[in-house]
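Here's the structure, in structure tokens; my notes come after.
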Amino acid sequence: MVDFSFTEEQELFRSAIREWCQKNLPLEKIRDMDSKGEIPHEILRSMGEMGLLVMTSPQEHGGTGADWVTACIAAEELGYADVSIALPVLWLVESSWGYVVDRYCSEQVRDECIRKAFKGDAFIGIASTESGGGSDVAAFKSTAKKVGNEWVLNGEKMYISGTEEAKKLGGGYFVIARTSPAPADAMHKGMTGFYLPINAKGVEVNKRFEDMGRMAISTGGFKMENVRVPDAYRIGEVDKGFYLTMEGFDNARILIAAVCVGAARRALDVGMDYIKERKAFGRPIGKFEGIQFELADDWAQLEALRSLTYRTAWMQDKRYKEGKFSALEVSRMIAACKLIAPHFAFDVYKHVMIWMGAYGYTKECPLEMGLRGIMSYCVGAEGTSNIQRTVIARELLGKEYIPYK
Ligand SMILES: Cc1cc2nc3c(=O)[nH]c(=O)nc-3n(C[C@H](O)[C@H](O)[C@H](O)COP(=O)(O)OP(=O)(O)OC[C@H]3O[C@@H](n4cnc5c(N)ncnc54)[C@H](O)[C@@H]3O)c2cc1C
């Protein structure tokens, strides 16, 4: 039996988060956050009270145990409400990587970070990318060496979301580092995941980038110089960190797709209001087929993306709860969502801004914030489009078609 409806609980949840967004994220607030470059702490606290932060973590750990379909509902509504995309970014980074940390970490890490992150009183993010590159995870240079019951971390991480937030609120990152030499044909082996508190001795946040968009969340870089962390900060098994990193990327990518669905829906709503009002040649411009056809094309593709996204989130739930689909099958579907969604949302923003003529090019029009924000996912935050293509092609053709190991 195929049932495409949301449960009553999920519909109620959507109404509740929509109401929360209308109250807490009016356009003036988004503009204020975008210009000040900061998300107010009270917004995070309020999200924590609603049970929205790291919401897929199980109730026995203190989370709400939401499924991934429900998390996508939250992502879609946040993507609709915050046109700048900054808050959805912070929320989804925490939801996806916080979930992985919480799933594999010790009680100590849960107490020191995750339980605070549920309340908005700590930040948890991902620090995988290095200055030498982000796509080739297996080639990362950061190292971790076991000394007694501690690990000593060295290396440098770059283009990392939330460095300023982590410094201010406390918390830290899921960091991946090499712990064993790897066979030349399987470089992904021998890497381990760790929880790295940003305020640990030997961590120096030495960079804040001036991004073009999503201004209310920082992007920075940090060095790790002989940072000593207890073995209790190790996430998952020694030398198996690559797989946890892929799990985190999957979680983040499906939420990105849902954020982009919400963002594109918002742009179309703003656009439809505009083309019904704006007149040219004696009639609303919405009466011209040249505009109607683009609207219809965008709407049809949005519905297709929305279905793909929620179906994939449903598969992700089946994978986690029932083992119904393999991780690789789900990864391929998620890669398809991440491949399509940001470029599609970007195009919808661009189309609507062009319907708006000169007004669309001004900062009075809210959509320019969206265009700048969504671009981060087009260029590659949480994995570039070509990397999504390699994930899909690998599953279609077989592992022997990976041109590198
Ligand atoms: C705003 C923003 C926030 C970010 N936040 C984080 C964060 O919180 N944590 C974190 O760890 N990282 C973060 N990143 C980094 C992001 O994960 C990387 O940008 C991404 O993984 C790509 O790495 P790179 O930028 O080094 O590009 P590269 O890996 O150098 O790739 C450059 C180009 O080569 C292409 N390419 C690479 N390999 C292949 C291949 N095999 N086949 C075809 N083409 C290929 C890529 O698609 C890309 O177009 C963020 C990035 C941005 C823009």
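If you read the sequence from its start, that first residue is 1, and numbering goes on from there. Both ligands and their constituent atoms are indexed starting at 1 by order of listing.
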Does any N or O atom in Thr219 lie less than 3.5 angstrom from one in ligand 1, N or O only?
no

What do you reckon, does Thr384 have a nitrogen or oxygen under 3.5 Å from a nitrogen or oxygen of ligand 1?
yes

N or O pair under 3.5 Å between Asp211 and ligand 1:
no

Return yes when Ala127 approaches ligand 1 closer than 4.0 angstrom through a heavy atom, no otherwise.
yes

Salt-bridge present (Glu130, Lys141; N to O < 4.0 Å):
no

Considering the heavy atoms of Val379, write down every atom of ligand 1 situated less than 4.0 Å from one of them.
53 (C)

Heavy-atom nearest neighbour of atom 30 (O) of ligand 1 within options Gly373, Gly133, Ala381, Ser131
Gly133

Arg214 to Tyr377 six-membered ring, cation-pi geometry met (6.0 Å, 45°):
yes

Would Gly134 count as being in polar contact with ligand 1, using the rule that some N or O on each side must be under 3.5 angstrom apart?
yes

Counting each atom of ligand 1 from 1 as listed, which ones have a heavy atom of Ser128 under 4.0 Å away?
10 (C), 11 (O)

Pick one of side chain, backbone, both or neither for how Val93 approaches ligand 1, counting any non-hydrogen atom pair under 4.0 Å.
neither

Nearest neighbour of atom 15 (C) of ligand 1 from the list Thr129, Asp136, Asn386, on a heavy-atom basis:
Thr129

Value rounded to 0.5 Å, distance of CD in Glu165 from OG in Ser218:
3.5 Å

Flag the pair Leu302 / Val348 as yes when at least one side-chain heavy-atom distance between them is below 4.5 Å, and no otherwise.
no

Answer yes when Arg31 and Glu364 have at least one side-chain N-carboxylate O distance shorter than 4.0 Å, and no when they do not.
no

For Gly383, is at least one N or O under 3.5 Å away from an N or O on ligand 1?
no

Does the side chain of Lys207 come within less than 4.5 Å of Ile160's, by heavy atoms?
no

Filtering Lys157, Arg214, Arg389 for the heavy atom nearest atom 1 (C) of ligand 1 leaves Arg214

Has Asn24 got a side-chain atom pairing as donor or acceptor with Trp20's backbone, closer than 3.5 angstrom?
yes

Those atoms of ligand 1 less than 4.0 Å from some heavy atom in Ser376
1 (C)

Partner of Phe123 under side chain to side chain contact (heavy atoms under 4.5 Å, CB included), picked from Ile198, Leu44, Val93, Thr163, is Val93

How long is the span from the OG1 atom in Thr219 to the CD atom in Glu210, to the nearest 0.5 Å?
11.5 Å

